[in-house]
Student: 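If you scroll down you'll find the structure; I have some questions about it.
Side chains are part of it too, since the values below use all heavy atoms of this structure and drop only hydrogens, waters and symmetry mates.
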Amino acid sequence: MRLLWKLVILLPLINSCAGDGLLSRPIFTQEPHDVIFPLDLSKSEVILKCAANGYPSPHYRWKQNGTDIDFTMSYHYRLDGGSLAISSPHTDQDIGMYQCLATNLLGTILSRKAKLQFAYIEDFETKTRSTVSVREGQGVVLLCGPPPHFGDLSYAWTFNDNPLYVQEDNRRFVSQETGNLYIAKVEPSDVGNYTCFITNKEAQRSVQGPPTPLVQRTDGVMGEYEPKIEVRFPETIQAAKDSSVKLECFALGNPVPDISWRRLDGSPLPGKVKYSKSQAILEIPNFQQEDEGFYECIASNLRGRNLAKGQLIFYAPPEWEQKIQNTYLSIYDNLLWKCKASGKPNPWYTWLKNGERLNPEERIQIDNGTLIITMLNVSDSGVYQCAAENKYRIIYANAELRVLASAPDFSKSPVKKNSFVQVGGDIVIECKPNAFPRAAISWKRGTETLRQSKRMFLLEDGSLKIYNVTRSDAGSYTCIATNQFGTAKNAGSLIVKERTVITVPPSKMDVTVGESIVLPCQVSHDPSIEVVFVWFFNGDIIDLKKGIAHFERIGGESVGDLMIRNIQLNHSGKYLCTVQTTLESLSAVADIIVRGPPGPPEDVKVEEISSTTSQLSWRAGPDNNSPIQIFTIQTRTPFSVGWQAVATVPAVAPVNINGGGGSRSELVITWESIPEELQNGEGFGYIIMFRPVGSTTWTKEKVASVESSRFVYRNESIIPLSPFEVKVGVYNNEGEGSLSTVTIVYSGEDEPQLAPRGTSVQSFSASEMEVSWNAIAWNRNTGRVLGYEVLYWTDDSKESMIGKIRVSGNVTTKNITGLKANTIYFASVRAYNTAGTGPSSPPVNVTTKKSPPSQPPANIAWKLTNSKLCLNWEHVKTMENESEVLGYKILYRQNRQSKTHILETNNTSAELLVPFEEDYLIEIRTVSDGGDGSSSEEIRIPKMSSLSSRGIQVLEPSIHFLSIVIVIFYCFAIQPLIR
């Protein structure tokens, strides 16, 4: 109760410091560990470590075996900081379990438990040990018999007066479990005195037993016998996670037995296992879940074998998978904490508050690792611990719960003093006061309470968002925050600036090297906003301050034009003008292409020189954005006057190789003819080379016509629609030129052989019908299908065929419009490809709908009350050749807007609820199977005078512009329409 009282009294201090993070719960930096203390040092002092951070600094308490230690009643115990010091400890008084508790203003935490034990070992009895007599070849066990002790022991044996310990080999073994010395097969050299040495490291003491004489009997030699296992590991061993497990197995026998190990489930031994020299010890380091199971030791010699087996059972102390975290909640909120730990066996959970166990109550629900506290109050504040425990260990996860209760406060998060926005932009003015519980938020502009509207919204966090800001929105805005503890206000100003617009952006330019150009970049902007122009070239900034050659900024404050003087080829690229203000950044980009004469050819080589010819080769130089059209070859000799043009083999191959189509057994090849200036001499023509795909032999043909661009090869053996590899080259009187790259061209094909199935037709209106059919599953034998052709006609002999329409690909429906009303139409479908059309499907027919009503709705009356418009009109009667009226469409729009809204009804009256902020234009038309009928004359509904506004709560939903409700009813007292 004392801690709770302090918490309630100091709640204002806690709340005031919550945002600053000044107060902090105790957090252990050092916790006590198990201690095994040497009994012979009982005149010394035991220290159990404990230290914690926190503000205010924690003070400490200790428990022994669950009971508080009273430091005022005994000088035997004292606090050293947070650590517990025990002077001259006694086994009967001080042995037990200890826990440290650290407490400050925010609460108490409990440390892990630490066990204090005392290590000792007594001396051996001094009486002489009996002589052990054995035959040569017999096995023997020499017992150590340790005296009373506590703490882990290690064993060693000496032989006669040799100060060195007996070394293990496959014949001798010292068990660290029993301390005994085992000799598998005694030899004459083994006769002598054996002494057992024991060391207790925790007790910091070693003791030596009396010697045991070993003598050899003279009544013969022991014959061979099968192994007898004398050292075996337990049938069940509990092995901790990450521990190192050692299994001992040693056998007596003649000959000396060999030791081997295996797992009984057949799986291999872990690769990490280690063996002692004699393989009598199997060590499994870093023991894990997959290492558990049955292990077997096999002792074998020529006389037989013997087995020992046992089960290793994995266990793991708890380890945290999910911890609880510090949580700050408002009064009346709900707390949900979850903690989870792994371990084997599975841990169970308990919860503590300020070091005391927490039990379920009306508001407190505990379900293993889950804690729920509903309707929090300030007394729930404190330090909580989730304890996960199994029989091997207990661990704690700590967290602070701070329940906050305070009036709204803007001191740490005031409304922004000045918020800037541009006309047409959106702005959020934040309002985030500290308040517990959360405050209800409202806003004022000046002295006027703001109403939520289509442009102003109160966000979930209390901030005010204004869409499409106008100049009139500028002013002072006050956020009002209220909760049960009080009200606070804070104000800021909204300053509206004109939007910056790039009025003259740079545009794409195509220029010649050496010219000077100006790239414009001009803006309109708010005069109070400073504008900065920055230019980029191919992504790199142009630093005009450094006086870069060719570039110069020209213009005034709102003009950022860039002049490029004596433009060069390397100035081709992308130019970006960015306009930067404190509120936004705009940019515009333009591509500049600088063209110049081509560069000289590169890598020119002259080869294969004869008396009249030579082979000349080169690589094109840079084209400088002006594509190279022709290369001119000139020569000169010592006897010629200047350079002379010479005839050459054509150096350019035809392009745009294509073809296909044609009739069955034809291969059609096309290309783009070579202009005269590239023919390089007389006798020019084309070389055509082709072969079926997969063939190795080319067929070669020549076309002597200079202007030819098409070649047709006919052969009855050509399979329809077969792919051919095609190349086209050139030649003249000087020889053959280069060939084009290979192009795939298909041979001619047959017309489709199949007619579409499932053809149907239906009428949608007086002038429209839809024809549909099933796609043809074609193959090369039935003819390729590129699309379908729809034929339609009437039974009028004067109009035997009205029209045909084609669709490509896998389209299987076609809508046909512009038809006569109430007329029988026939339709048929056939497939087509490049060879022509295939057979038609059986014809189908349909009668189009009757014409829509020709008369518009008449005698329209209307009445306008507030924002409610009542409409009424006479039912339209149709003629015999017209479709029946199914309903009516009401088309309406605001006078200044072109967007028309449509409402449909089955009655002859309707009610519209719309905000009549300006004139409305309304017309009514009929709806029928034949389509929409004639519309009434347009009716102008004048706008209503403005209504006086009443206050609306900011959190009420807004009425969206043009939200409409239609109610069909009979209107009364409708004034007649005056035309």
Side-chain angles (χ1 to χ4, degrees), residues 509-515 537-540 550 566-574 591-638 640-658 669-691 698 700 702-703 706-709 725-745:
M509 300 181 72
D510 196 318
V511 299
T512 303
V513 65
E515 293 182 10
F537 172 51
N538 289 336
D540 296 323
H550 302 283
N566 188 22
I567 197 165
Q568 299 300 305
L569 291 169
N570 60 359
H571 292 149
S572 290
K574 196 176 294 292
D591 288 316
I592 304 300
I593 299 175
V594 182
R595 301 188 188 276
E602 300 172 352
D603 297 337
V604 179
K605 297 178 182 177
V606 181
E607 300 171 324
E608 301 181 15
I609 301 174
S610 71
S611 60
T612 58
T613 64
S614 66
Q615 179 74 36
L616 183 65
S617 65
W618 65 90
R619 183 166 55 85
D623 65 5
N624 296 332
N625 295 317
S626 299
I628 298 173
Q629 298 177 342
I630 187 172
F631 291 94
T632 301
I633 311 298
Q634 295 179 324
T635 63
R636 72 176 181 179
T637 70
S640 63
V641 179
W643 292 92
Q644 304 288 327
V646 296
T648 65
V649 171
V652 177
V655 296
N656 294 333
I657 312 302
N658 214 316
I669 302 170
T670 63
W671 61 92
E672 187 176 310
S673 59
I674 301 296
E676 183 178 358
E677 64 268 18
L678 298 181
Q679 295 173 8
N680 291 353
E682 299 295 327
F684 182 84
Y686 298 95
I687 299 171
I688 315 299
M689 298 186 69
F690 54 90
R691 66 182 179 187
W698 291 92
K700 184 176 181 180
K702 285 191 174 183
V703 178
V706 172
E707 298 179 353
S708 292
S709 61
E725 292 180 318
V726 174
K727 297 188 291 186
V728 180
V730 290
Y731 69 93
N732 63 12
N733 289 341
E734 298 297 326
E736 295 182 358
S738 57
L739 291 165
S740 69
T741 58
V742 173
T743 302
I744 302 298
V745 176

Student: Closest approach of S673 and S708, non-hydrogen atoms and distance?
Tutor: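 Closest approach of S673 to S708, heavy atoms only: CB-O, 3.7 Å.
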Student: Contact between I744 and E725 at the side-chain level, heavy atoms closer than 4.5 Å - yes or no?
Tutor: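 The answer is yes; the side chains approach within 4.5 Å.
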Student: How about E682: does its CD atom have over 12 heavy atoms from other parts shown lying under 6.0 Å from it?
Tutor: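 No, because the 6.0 Å sphere around CD of E682 holds 12 heavy atoms or fewer from other groups.
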Student: Using every non-hydrogen atom in the two residues, find where T512 and V594 come nearest and quote the distance to one decimal.
Tutor: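 Smallest interatomic distance, heavy atoms only, reads C-CG1, 4.3 Å.
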Student: I'd like to check the side chain to side chain donor-acceptor pair (under 3.5 Å) partners of D591; sequence neighbours left out, ordered by chain and number.
Tutor: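 Testing D591 for side chain to side chain donor-acceptor pair (under 3.5 Å), a comparison that skips the adjacent residues, returns K574.
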Student: For E515, which residues count as a salt bridge (Lys or Arg N to Asp or Glu O under 4.0 Å) partner, sequence neighbours excluded?
Tutor: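 E515 satisfies salt bridge (Lys or Arg N to Asp or Glu O under 4.0 Å) with no other residue.
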Student: Give me the atom names and distance for the closest heavy-atom approach of I593 to S572.
Tutor: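 Scanning both residues completely, I find the closest heavy atoms to be C-OG, 3.9 Å.
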Student: Verify side chain to side chain contact (heavy atoms under 4.5 Å, CB included) between N658 and T743, making sure each step is shown before the conclusion.
Tutor: CA-CA 7 Å; N658 214 316; T743 302; over 6 Å; no
Student: Atom CD1 of I674 and atom CG of N732: how far apart are they, to the nearest 0.5 Å?
Tutor: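 Spacing of CD1 (I674) from CG (N732) equals 12.0 Å.
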Student: To the nearest 0.5 angstrom, please state how far the CG atom of N625 sits from the CD1 atom of I592.
Tutor: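 N625 CG to I592 CD1: 12.0 Å, rounded to 0.5 Å.
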Student: Testing the basics here: between G514 and N566, what is the closest heavy-atom pair and its distance to 0.1 Å?
Tutor: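 Shortest heavy-atom contact: CA-OD1, 3.4 Å.
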Student: Going by the rule side chain to side chain donor-acceptor pair (under 3.5 Å), which residues pair with S740 if we only count those two or more places apart in sequence or in a different chain?
Tutor: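 Checked S740 against side chain to side chain donor-acceptor pair (under 3.5 Å); zero matches.
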Student: Which heavy-atom pair separates V513 from I567 by the least distance, and what is that distance?
Tutor: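 Residues V513 and I567, closest heavy atoms: CG2-O, 3.4 Å.
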Student: Kindly compute the distance separating CD (E607) from CD (Q615), expressed to the nearest 0.5 Å.
Tutor: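 Between atom CD of E607 and atom CD of Q615 there are 7.0 Å.
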Student: Quick one: salt bridge (Lys or Arg N to Asp or Glu O under 4.0 Å) partners of D603, sequence neighbours excluded?
Tutor: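 Only R619 meet the salt bridge (Lys or Arg N to Asp or Glu O under 4.0 Å) criterion with D603.
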Student: Under the salt bridge (Lys or Arg N to Asp or Glu O under 4.0 Å) test, which residues partner K702, sequence neighbours left out?
Tutor: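 None.
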Student: State the CD-NE2 distance between Q568 and H550, to the nearest 0.5 angstrom.
Tutor: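 These two atoms lie 5.0 Å from each other.
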Student: Nearest 0.5 angstrom please: I669 CD1 to I657 CD1, how far?
Tutor: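 Here the interatomic distance stands at 9.0 Å.
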Student: Could you tell me which residues satisfy ring-ring contact (aromatic ring centres under 6.0 Å, His included) with F690, sequence neighbours excluded, listed by chain and number?
Tutor: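 F690 satisfies ring-ring contact (aromatic ring centres under 6.0 Å, His included) with Y713 once adjacent residues are dropped.
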Student: Rounded to the nearest 0.5 Å, how far does OH of Y731 lie from OG of S738?
Tutor: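 The OG atom of S738 sits 15.0 Å away from the OH atom of Y731.
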Student: Applying side chain to side chain contact (heavy atoms under 4.5 Å, CB included), can you list everything that pairs with P600, at least two apart in sequence or on another chain?
Tutor: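 Residues passing side chain to side chain contact (heavy atoms under 4.5 Å, CB included) with P600: none at all.
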Student: With P622, which residues qualify under side chain to side chain contact (heavy atoms under 4.5 Å, CB included), at least two apart?
Tutor: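 With neighbours one apart ignored, the set is E602, N624.
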Student: Mind checking side chain to side chain donor-acceptor pair (under 3.5 Å) for N733 and listing every partner two or more places apart, or none if nothing turns up?
Tutor: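 By the side chain to side chain donor-acceptor pair (under 3.5 Å) rule, N733 matches no residue at all.
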Student: Determine the interplanar angle of the W671 and Y686 rings, folded into 0 to 90°, and report it as parallel if under 30°, tilted if 30 to 60°, perpendicular if over 60°.
Tutor: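 Answer is tilted, since the angle falls between 30° and 60°.
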Student: Which heavy atom of M689 sits nearest a heavy atom of L739, and at what distance?
Tutor: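 In terms of heavy atoms, the two residues are closest at SD-CD1, 3.9 Å.
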Student: Mind checking side chain to side chain contact (heavy atoms under 4.5 Å, CB included) for S626 and listing every partner two or more places apart, or none if nothing turns up?
Tutor: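 Expected list: R595.
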Student: Who are the side chain to side chain donor-acceptor pair (under 3.5 Å) partners of E672, not counting sequence neighbours?
Tutor: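 Once residues adjacent in sequence are excluded, the partners of E672 under the side chain to side chain donor-acceptor pair (under 3.5 Å) criterion are N656.
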Student: Not counting sequence neighbours, which residues clear ring-ring contact (aromatic ring centres under 6.0 Å, His included) with W698? List them please.
Tutor: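 So W698 forms no ring-ring contact (aromatic ring centres under 6.0 Å, His included) with any residue.
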